[in-house]
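Proteins come first, then strands; the chains are lettered A, B, ... in the order of their sequence lines, and each starts at number 1.
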Amino acid sequence: MSSSPVRVRFAPSPTGNLHIGGARTALFNWLLARKTGGQFIIRVEDTDAERSKRHFEDAILGELRWLGLDWDEGPDVGGPHAPYRQTERMERYNALYTQMLKDGTAYRCTCSEERLNALRADQEAQKAARRGYDGHCRDAGLGADCGPHVVRLRVPEGETHVDDLIKGDVCFANADIEDFVIVRPDGMPMYNFVVVCDDVDMGITHVLRGDEHLINTPKQLLIYAALATAAAGSDLVGTVVPPRFGHMPLILALDGSKMSKRNGETSVGAYRELGIHPEAMMNYLARLGWSHGDQEIFSVDDLRTLFTAEGIGKSPSKWDMEKLTWVNSHWMRALPAETVALRARAFFEARGWSAHPREVALVACLRERTRTLVELADAARIFFTEDYVRDEAVMAATLPAARDVLTGVVTVLSATEDWSEKSLEAAVHGWCETNGIKLGKVAQPVRVALCGQKVGPGLYQTLHVLGREVALQRLQAAIA
RNA sequence: GGUCCCAUCGUCUAGAGGCCUAGGACACCGCCCUCUCACGGCGGUGACACGGGUUCAAAUCCCGUUGGGACUACCA
């Protein structure tokens, strides 16, 4: 095992919001860095001028922070290898592919789009086994003065092995890889090329990414090889070392299809808005494709110590909202009440509810029986407003029959000044004992009078959080 | 079509030849606890895709079949 420091990166394209698959990729890379004392880097891959937008970059970084991830180098914090946005690194790419052109590991191609389309159509029609660029300009020796052109990699003969951390040895025949384009006619370099340039320059040692990139890997390895040729006598000497790759299985929708809006929310932000805690998101994401024995609950600290790339599975997993919700319900109860209350505040505000005098107690009793912050906020309605849902049928069936009990409770509670849970419990208990009535006969009618329905938090909690005035008011209304 | 990846309960997974009449978790069902709900506890339904090998022994290794998926761009 090498002792050189681990340097990993998460390289999002700012063409949309942070997706759950991307979040998991970021998480695993971050864990690898944090566990080994290495560095975690954010690099923005914005070479698609059409689709890249700065506000997406801001949103992605925001979601990563919300999850609790931090980075040692990135577009917002800088670092020794700045800049960290690919569009700001153009001269570098330019220099590198110019060198490749000089070395002959890449070549100019002036094939028109029409020619390429025709070629493709022809291959399709002939049901050709091997498709792709036919090498038309490969040996044309086109110079810089050839007019509009792309730059293609000259793929050598032989085969390329990917020694994958997760999949093991994967072999590709170079003959199956076409001479792909690395630079567009306008000089904008393409993904596979810039990734390699940056990973080399930034000293990336490990790359954990989605399975969809496994097929890109031989192409990238070929670029490493080409760059290694260019390295002789340049500043690249000794630095062109491919990282260790690890390709993680994809996250699919529950029905096995690709995740999309049609079969569930795909963005991290959507789950945040659904009232999922970042701790739960991390916990669930980590368990998707990774495991540690039978353990289900992991704090971020647990993950930081237990995570290993070897624990990552090979088969794709499906996104199960039910399980996420269960994990979330665990964190609803495990987090400090103040933390949950603070997070719940945003959901209360969205409903137009200003601070409640006993808000932490309110959240403390509701989080025991709700699984998300949205569920909690919905359940909190009875504490914030008189405009809550009452089950008229239940009220009609319960209240009139319990008139005497309710009257008695109102009397004793009216005489109770100390509105703490303890005091309330003593008062109600005492009343039950002196009148020889079981608590069960009392609690339900009182709950119905207070909440307008059969279910709710504990009786004394409800009374306490409601407050003396509101509680007595609702009880009185029930016997009026 | 081609290249590559994958295959244990409905879902997430444990399992790295004998510990497996396959374990845990979610969901579902029943019981218990209990002021309701929830939590918690106990129990139940439920899986090694199929076919060949290798081996004294296979969920575990090999081959094939089938089934999923990724890629197949002058996107990333």
Side-chain angles (χ1 to χ4, degrees), chain A residues 11-16 45-48 50-52 86 109 111-113 116 120 123-124 126-132 148-152 162 164 166-167 170-173 175-178 180-186 188 190-192 194-195 210-219 247 249-250 252 254 256-258 284 287-297 310 313-327 329-330 333 365-371 379 425 428 432 438-448 451 453-460 462:
Chain A
S13 305
T15 54
E45 312 219 320
D46 57 351
T47 55
D48 184 340
E50 292 283 303
R51 301 192 299 148
S52 295
Q86 292 182 326
C109 165
C111 289
S112 66
E113 210 174 315
L116 262 16
R120 208 166 296 145
Q123 290 171 338
E124 186 101 11
Q126 292 191 15
K127 298 191 191 293
R130 269 182 189 139
R131 305 182 191 188
H149 63 275
V150 298
V151 177
R152 291 179 184 274
V162 178
D164 196 272
I166 296 164
K167 313 274 187 196
V170 184
C171 180
F172 296 85
D176 288 322
I177 303 170
E178 65 174 330
F180 57 97
V181 174
I182 59 173
V183 184
R184 299 175 173 89
D186 62 359
M188 184 68 92
M190 293 191 65
Y191 171 73
N192 282 124
V194 292
V195 164
D211 236 350
E212 73 269 26
H213 289 292
L214 182 53
I215 281 208
N216 281 323
T217 310
K219 293 184 179 180
H247 291 91
L250 265 16
L252 272 22
L254 202 48
S257 65
K258 202 173 168 184
Y284 181 67
R287 277 292 285 107
L288 227 41
W290 176 85
S291 63
H292 182 261
D294 285 339
Q295 191 171 341
E296 295 287 346
I297 298 298
E310 291 73 50
K314 289 182 174 187
S315 52
S317 44
K318 295 172 187 167
W319 183 259
D320 185 357
M321 188 61 197
E322 284 295 337
K323 183 119 183 201
L324 202 214
T325 305
W326 173 78
V327 173
S329 76
H330 166 84
R333 282 173 268 121
C365 70
L366 289 178
R367 69 179 179 142
E368 305 281 341
R369 61 211 83 227
T370 52
R371 305 182 303 167
E425 179 168 5
V428 174
C432 285
K438 288 242 187 159
L439 182 62
K441 291 279 181 198
V442 178
Q444 242 357 47
V446 173
R447 173 172 291 108
V448 172
C451 307
Q453 48 187 313
K454 288 196 276 192
V455 301
L459 195 55
Y460 315 116
T462 306

Check your understanding: Between A/R131 and A/A128, which heavy-atom pair has the shortest distance, and what is it?
Key ->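 Shortest heavy-atom separation between A/R131 and A/A128 comes out as NE-O, 3.0 Å.
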Point to revise | Heavy-atom pair of closest approach, residues A/C109 and A/R152 | key: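 Scanning both residues completely, I find the closest heavy atoms to be SG-NE, 3.3 Å.
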**Study point:** Side-chain donor/acceptor contact of A/R369 with base of B/C39 under 3.5 Å
**Key:**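 Flag unset: no donor-acceptor pair detected.
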Under 3.5 Å for both donor-acceptor distances, Watson-Crick or wobble: does [N] have a partner, and if so which one?
N	value
B/C48	none
B/C61	B/G53
B/U66	B/A7
B/G30	B/C42

Review point. Salt bridge or not for A/R371 and A/E322, using N-O below 4.0 Å?
Key: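 A salt bridge is present here (some side-chain N lies under 4.0 Å from a carboxylate O).
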Review point. What string of B, S and - do you get for nucleotides 10-15 of chain B 5' to 3' if you count protein non-hydrogen atoms under 4.0 Å?
Key: -SBSS-
Review point. Any side-chain heavy atom of A/P316 sitting closer than 4.5 Å to one from A/D211?
Key: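 The answer is no; the side chains never approach within 4.5 Å.
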For atom [atom1], what is the distance between [N] and [M], given to the nearest Å?
N	M	atom1	result
B/C50	B/A58	C1'	16 Å
B/A22	B/C37	P	35 Å
B/C74	B/A16	C1'	46 Å

Exercise for review: With heavy atoms under 4.0 Å as the rule, sort A/K454 into base, sugar-phosphate or nothing.
Suggested key: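 A/K454: base contact, heavy atoms under 4.0 Å.
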Point to revise | Passing option when A/Y191 is tested against A/Q86, A/K219, A/H213 for side chain to side chain donor-acceptor pair (under 3.5 Å) | key: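 Per the side chain to side chain donor-acceptor pair (under 3.5 Å) rule, the option paired with A/Y191 is A/H213, out of A/Q86, A/K219, A/H213.
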Which atoms of nucleotides 70-76 of chain B (N or O only) lie under 3.5 Å from a protein N or O atom, and what are those distances?
| residue | atom | partner | partner atom | Å |
| --- | --- | --- | --- | --- |
| B/C74 | N4 | A/C111 | O | 3.1 |
| B/C75 | OP2 | A/R184 | NE | 2.5 |
| B/C75 | OP2 | A/R184 | NH2 | 2.8 |
| B/C75 | O3' | A/R184 | NH2 | 2.9 |
| B/C75 | O2' | A/D48 | OD2 | 2.4 |
| B/C75 | O2' | A/R51 | NH2 | 3.1 |
| B/C75 | O2 | A/R51 | NH2 | 3.3 |
| B/A76 | OP1 | A/T47 | OG1 | 2.7 |
| B/A76 | OP1 | A/R184 | NH2 | 2.8 |
| B/A76 | OP2 | A/Y191 | N | 3.1 |
| B/A76 | O3' | A/S13 | OG | 3.0 |
| B/A76 | O3' | A/E45 | O | 3.3 |
| B/A76 | O2' | A/S13 | OG | 2.1 |
| B/A76 | N6 | A/N216 | OD1 | 3.3 |
| B/A76 | N6 | A/N216 | ND2 | 3.4 |
| B/A76 | N1 | A/N216 | ND2 | 3.3 |

Exercise for review: Check side-chain contact (heavy atoms from CB on, under 4.5 Å) between A/I215 and all other residues, then give those that pass, not counting sequence neighbours.
Suggested key: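 By the side-chain contact (heavy atoms from CB on, under 4.5 Å) rule, A/I215 matches A/F172.
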Review point. For A/Q295 and B/G23, what is the distance between atoms CD and C1' respectively, to the nearest whole Å?
Key: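 Computing the A/Q295:CD to B/G23:C1' distance gives 16 Å.
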